[in-house]
There are 2 protein chains.
Amino acid sequence: MKSRENLIPIYYRLADDIKQQIESGELKHGDLIPTEAQLGEKYGISRMTVRQGIGLLTEAGLIETVKGKGSFVTRPQLNQLVIDLKRTGAGNVVLKYKLLEVKLVRDKPDFISELGFAGNSKVIGVKRLVYKDDRPAAIEEKYLLYQKGSPLLETQLEYADFPELVAKHQDSVPVRNDMVISVDALSPEQAKLLETEQDMPALVIKQVIFSNEDKPLGISLMVCHKDRFTIQATSYPLSRRL
Amino acid sequence: MKSRENLIPIYYRLADDIKQQIESGELKHGDLIPTEAQLGEKYGISRMTVRQGIGLLTEAGLIETVKGKGSFVTRPQLNQLVIDLKRTGAGNVVLKYKLLEVKLVRDKPDFISELGFAGNSKVIGVKRLVYKDDRPAAIEEKYLLYQKGSPLLETQLEYADFPELVAKHQDSVPVRNDMVISVDALSPEQAKLLETEQDMPALVIKQVIFSNEDKPLGISLMVCHKDRFTIQATSYPLSRRL
DNA sequence: TAGTGGTCTAGACCACGCC
DNA sequence: GCGTGGTCTAGACCACTAC
């Protein structure tokens, strides 16, 4: 039985109904939702269509299904937060960049060599100053495997965004980005670049991009002025369809 | 045609095949993958089964499908990183807690009142010291709507984890957790509690938990010792099935 | 008009959990 | 053995895109 009165698909309505019951507290964590057969009966739809609705709820993390038992309401999963780097720090503000240094790295600092770039491979280092509202907001250092014939300088200026840059620069396909956020005090040199005082606290964001073979393709290190960069995250990313 | 030789479902194999083609660079961002009919032909399976495989790829963010046109390979989405709070800072180390203060908040600090707890509602404030390896690692302040008959002190001690605590404490169902990560220097009082020096840089993690009606249910503020807490995130969370 | 993906059906057999 | 979810079929009609 199709309900052509509604523009939205039935399975979506089914999922939304159950979502409401969960978010209103009617269904609590650990409860079983009705079986697929029961839901099919209730909505007058076939089982495959019910399963489509169930799938949406599973994707959204609201329920978990166990073969042979049923679908259980999960406890609210607010511990997994999503950072959207494109929004972080910048907001809608346009960032500007000033190139400070480009070099072939020979004596690799610890944090690079320990990451296992292949021993003899050449590594390019790029240092930039990031401006926000015409004030220096962060110092950015990037390290990439040297790739013949890749016009680094151009791509550098073109792409603000580290993962995207790596994708353009490398032949290998980047598939993972790991990040560590920590804190440190500014060195005298860093303070000078950021036009602030030595020992000021700063946000340190380190990113490592990996290939599908789990080899590092690039490292990014950002040292951010404490008042000009914050990181935002939410458990409810826009990508959720429900 | 079912292939019963394999234990894994056919649609999963289909998805994995295409995933490999994407991650190896064989299929590039913007490329069209074969149509559902073609894939059904190639694997000897029905269209609904093909669609199940396509669905996995869509979930994983590797492709995007457009009605009437086809499914396109997306550019690598490494900008959306997932923080798993349960792993952050703590690792597998057991944290200990020391209760410093419990009070009914009357003169609400700005960061609370601006968040729009209902005007006259009572707010409970709890302050704890978090120990890691028997050393003070963070100062944690929580603010919750007062809920009659809710044994706050007990739940406080039981739940390390803020979202979970809110879920237990409130009748309303928490559905969203927003987080802001920033940096600040320790005040003399904070430094004393963390057994370190004044003006040391510290990681500041602020969380606000919202109900399904978008009303704040709780606020958490953590001030973390720079050497004892870091935040980790990855674009490749374990939840991904592909 | 032809080709594509989106929704939906009414079955089937299977693997798993429980009694 | 029975009920549950997991996989899969072979169709159908629809909406959208492109020509």
How long is the line joining CD of A:Glu36 and C1' of D:dT7, in whole Å? 11 Å

Interatomic distance, CG@B:Leu99 vs CD@B:Glu140, rounded to 0.5 Å, equals 10.0 Å

Can a side chain N or O of A:Thr49 be found less than 4.0 Å away from OP1 or OP2 on C:dT9? yes

According to side-chain contact (heavy atoms from CB on, under 4.5 Å), who are the partners of B:Ala138, at least two apart in sequence or on a separate chain? B:Val130, B:Met222, B:Cys224, B:Phe229

When the side chains of residues 20-29 of chain B are checked against the rest of the protein, which donor-acceptor pairs come out under 3.5 Å, sequence neighbours left out?
residue : atom : partner : partner atom : Å
B:Ser24 : OG   : B:Gln20 : O            : 3.1
B:Ser24 : OG   : B:Gln21 : O            : 3.3
B:Ser24 : OG   : B:Glu26 : N            : 3.3
B:Lys28 : NZ   : B:Gly25 : O            : 3.4

Just to verify, what does A:Asp178 make a side-chain hydrogen bond (donor to acceptor under 3.5 Å, both in side chains) with, not counting sequence neighbours? A:Arg176, B:Thr234

Show me the pairs that pass salt bridge (charged side-chain N to carboxylate O under 4.0 Å, His left out) and involve residues 31-47 of chain B, at least two apart or across chains. B:Glu36-B:Arg47, B:Glu36-B:Arg51

Rounded to whole angstroms, how far apart are CG on B:Leu39 and C1' on C:dT4? 13 Å

Calculate the interatomic distance between A:Met48 atom CE and C:dT7 atom C1'; express it in whole Å. 12 Å

Interface with DNA chain C, restricted to residues 63-74 of chain A and to heavy atoms under 4.0 Å: A:Lys67, A:Gly68, A:Lys69

For A:Asp16 and A:Arg13, run side chain to side chain contact (heavy atoms under 4.5 Å, CB included): C-alpha distance rounded to whole Å, both residues' side-chain angles, the deciding distance at 0.1 Å, then the answer. CA-CA 5 Å; A:Asp16 203 52; A:Arg13 201 171 112 64; 5.7 Å; no

Quick one: is C:dG6 close enough that its OP1 or OP2 comes under 4.0 Å of any side-chain N or O from B:Arg51? yes

Taking only side-chain N and O atoms of B:Tyr11, does any of them lie within less than 4.0 angstrom of OP1 or OP2 on D:dC8? no

OP1, OP2 of D:dT7 versus side-chain N and O of B:Gln52: anything below 4.0 Å? yes

A:Leu56 has an atom CG; how far is it from atom C1' of C:dG6, in whole Å? 13 Å

Write down the distance between CD1 (B:Ile33) and P (C:dT4), rounded to a whole number of angstrom. 12 Å

Apply side-chain hydrogen bond (donor to acceptor under 3.5 Å, both in side chains) to A:Thr49 and list each qualifying residue two or more places apart in sequence or on a separate chain. A:Ser46

In this structure, how many angstroms lie between the P atom of C:dG6 and the CD1 atom of A:Ile10, rounded? 17 Å

Can you tell me which nucleotide in D:dG5, D:dA10, C:dT7 comes closest to the side chain of B:Arg47? C:dT7

When rounded to whole Å, the CD1 to P distance for the pair B:Ile45 and D:dT7 reads 13 Å

Between D:dG5 (P) and A:Leu57 (CG): distance, integer Å: 13 Å

